[in-house]
Asker: 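Handing you this structure, nothing more for now.
Each chain gets a letter, A, B and so on, in the order the sequences are listed, and its residues count up from 1.
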Number of protein chains: 2
Amino acid sequence: MAKRSDALELAILGVLSKTPQHGYELRKRLISVLGLFSTISYGALYPTLKSLVERGLLVEQDEVGTGKYPKRARITYALTESGLAHFNALVADSGPGAWDDDTFAVRMSLFGQTEVSTRIHILLGRRSRVEERLANLQTNLAKGRERLDSYTLELQQHGLDALEREVRWLNELISREQSQSAADGGNSAISQVNNK
Amino acid sequence: MAKRSDALELAILGVLSKTPQHGYELRKRLISVLGLFSTISYGALYPTLKSLVERGLLVEQDEVGTGKYPKRARITYALTESGLAHFNALVADSGPGAWDDDTFAVRMSLFGQTEVSTRIHILLGRRSRVEERLANLQTNLAKGRERLDSYTLELQQHGLDALEREVRWLNELISREQSQSAADGGNSAISQVNNK
DNA sequence: GTTAGCATGTAAGGAGTTACATGATTTT
DNA sequence: AAAATCATGTAACTCCTTACATGCTAAC
């Protein structure tokens with residue numbers, strides 16, 4: 001479902017679930033947290049916020065005279081209960097495109113607000129996505145090995161190396177999470193451990 | 001200039017400059033050459049081809065009874081002279097977005113059809129783009145080191161490593177090209193050494 | 001004869017960018 | 001008082017994806 005690209009919505013909900021904020025600030029936070037989303041234009045941000053408000057996931061709080069700056073026209077956005085519920089659902093659930101680069105990055109950057117099992121689920125999902133691409137690349141590299149010129153080969157080899165590194169990285173993260181989950185005794189309802 | 005995302009047009013012109021082909025085949029070739037462009041839908045491909053024909057860069061040749069399959073409805077596309085000129089201009093010239101991941105990959109995969117000086121130019125341009133992103137990431141990692149949770153940190157560190165590897169890779173490619181260009185006798189008008 | 005793959009296209013609609021429009025506040 | 005930056009928004013336009021529509025050919 002979710003119309004507006006998912007990754008952006010998710011990131012917004014994630015950031016706001018920690019600290020309510022207004023659009024301008026929010027954008028900066030998003031950019032600094034995700035060096036990936038290099039740009040998030042206001043033309044994308046404000047309409048998305050609006051849509052989230054319309055769907056009852058956020059509330060606007062017109063900020064009047066907070067502290068030193070009276071009458072500022074800023075609007076602070078905060079999650080509603082259903083917004084929080086939606087956020088939890090989105091983080092855990094895997095719609096199509098949940099394992100894409102951007103979406104994965106957003107989800108991982110929100111790990112501090114999720115349970116161990118969710119984290120493992122996301123990491124495993126990402127790993128199989130990466131492995132899938134790896135397999136594709138290897139296949140068509142094997143098929144066309146002689147027909148591709150050296151530059152294309154070099155390029156594909158570099159891509160392949162990057163994917164292999166990512167798999168190794170994910171494996172490490174996964175086993176770290178798994179041992180944590182074991183140490184936990186498995187009774188974790190919401191064991192928000194270690195969010196620092 | 002150039003409307004349709006550049007990368008796609010460039011890739012099409014590049015493939016067709018080697019071998020005229022019809023759309024269906026072309027798409028497969030594009031996908032196999034670039035494991036990056038995971039998907040190229042017909043909804044993007046055919047309109048682009050049409051637009052290229054309208055601009056006089058390609059010609060359609062209705063293939064009638066070539067060989068064993070008579071009356072096939074396929075349309076072979078081939079570059080015109082101005083298409084070739086446009087291709088050469090596009091490969092060498094650097095519009096905005098010329099150093100993006102996709103566009104760079106396309107350009108590099110077409111290195112076999114370019115001169116040494118062009119190749120070096122492209123590699124240098126890409127390198128400075130990557131270095132720029134690296135600097136950004138490092139800056140805001142330094143700024144927020146304590147405020148980011150361990151997962152976000154891990155994620156950004158991984159991104160950073162990937163960028164560093166790419167720079168090293170590019171450096172190697174660059175020096176390879178440069179020594180080739182030197183062996184060339186240095187008579188190449190544009191010897192662009194070392195613009196860093 | 002029916003499934004699978006070849007082959008070309010179009011229409012609707014989504015997602016986001018760019019450029020514009022406006023005004024307050026802080027710094028120089 | 002000018003310039004920078006905070007702050008919010010909209011409208012037009014671009015590009016692409018999805019789903020549909022069509023028909024031929026090859027293989028089983």
Asker: What is the distance from OH of A:Tyr24 to P of D:dA4, rounded to the nearest Å?
Answerer: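 After rounding, the reported distance stands at 14 Å.
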Asker: Could I get the full list of side-chain hydrogen bond (donor to acceptor under 3.5 Å, both in side chains) partners for A:Tyr42, not counting sequence neighbours?
Answerer: A:Arg27
Asker: Any side-chain N or O of B:Ser41 less than 4.0 Å from the OP1 or OP2 oxygen of D:dC16?
Answerer: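 Checking B:Ser41 against D:dC16: no side-chain N or O falls below 4.0 Å of OP1 or OP2.
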Asker: Using whole Å, report how far CZ of A:Arg27 lies from P of C:dG16.
Answerer: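 After rounding, the gap between these two atoms is 14 Å.
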Asker: Can you figure out which of C:dG16, D:dT8, C:dG5 approaches the side chain of A:Ala44 most closely?
Answerer: C:dG16
Asker: Rounding to a whole Å, what distance do you find between B:Arg74:CZ and C:dG5:P?
Answerer: 18 Å
Asker: Expressed in angstrom and rounded to an integer, what is the separation of B:Glu9 atom CD from D:dT14 atom C1'?
Answerer: 13 Å
Asker: Within this structure, what is the CG-to-C1' distance between A:Asp6 and C:dG14, rounded to whole angstrom?
Answerer: 13 Å
Asker: Can you figure out which of C:dT17, D:dC6, C:dA7 approaches the side chain of A:Lys28 most closely?
Answerer: D:dC6
Asker: Identify each donor-acceptor pair in which a side-chain atom of residues 162-169 of chain B lies under 3.5 Å from a protein atom, sequence neighbours left out, and give them as a table.
Answerer:
from     : atom 1 : to       : atom 2 : distance (Å)
B:Glu166 : OE1    : B:Arg126 : NH2    : 3.4
B:Glu166 : OE2    : B:Arg126 : NE     : 2.8
B:Glu166 : OE2    : B:Arg126 : NH2    : 3.0

Asker: So which protein nitrogen or oxygen atoms get under 3.5 Å of nucleotides 9-13 of chain D's nitrogens or oxygens?
Answerer:
from   : atom 1 : to      : atom 2 : distance (Å)
D:dG9  : OP2    : A:Tyr77 : OH     : 3.4
D:dT10 : OP1    : A:Lys50 : NZ     : 3.0
D:dT10 : OP2    : A:Lys50 : NZ     : 3.4

Asker: By side-chain contact (heavy atoms from CB on, under 4.5 Å), which residues pair with A:Ser117, not counting sequence neighbours?
Answerer: A:Glu115
Asker: Nearest-Å distance, CZ (A:Arg29) to C1' (D:dA7)?
Answerer: 17 Å
Asker: For B:Glu172, what residues pass the side-chain hydrogen bond (donor to acceptor under 3.5 Å, both in side chains) criterion, not counting sequence neighbours?
Answerer: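 Only B:Arg176 meet the side-chain hydrogen bond (donor to acceptor under 3.5 Å, both in side chains) criterion with B:Glu172.
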Asker: To check you understand the geometry: which heavy-atom pair defines the closest contact between A:Tyr46 and A:Tyr24, and what is its length?
Answerer: OH-N, 3.7 Å
Asker: For the pair B:Arg129 and B:Asp100, evaluate side-chain contact (heavy atoms from CB on, under 4.5 Å) and give the outcome as yes or no after the intermediate values.
Answerer: CA-CA 8 Å; B:Arg129 158 58 72 94; B:Asp100 294 350; 3.0 Å; yes
Asker: Under the side-chain hydrogen bond (donor to acceptor under 3.5 Å, both in side chains) rule, collect the residues that match up with B:Gln157, sequence neighbours excluded.
Answerer: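 Partners of B:Gln157 under the side-chain hydrogen bond (donor to acceptor under 3.5 Å, both in side chains) test: B:Asp161.
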Asker: For B:Leu26 and C:dA7, what is the distance between atoms CG and P respectively, to the nearest whole Å?
Answerer: 12 Å
Asker: Whole-Å distance between D:dC15 P and B:Ile12 CD1?
Answerer: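 Value for this atom pair: 13 Å.
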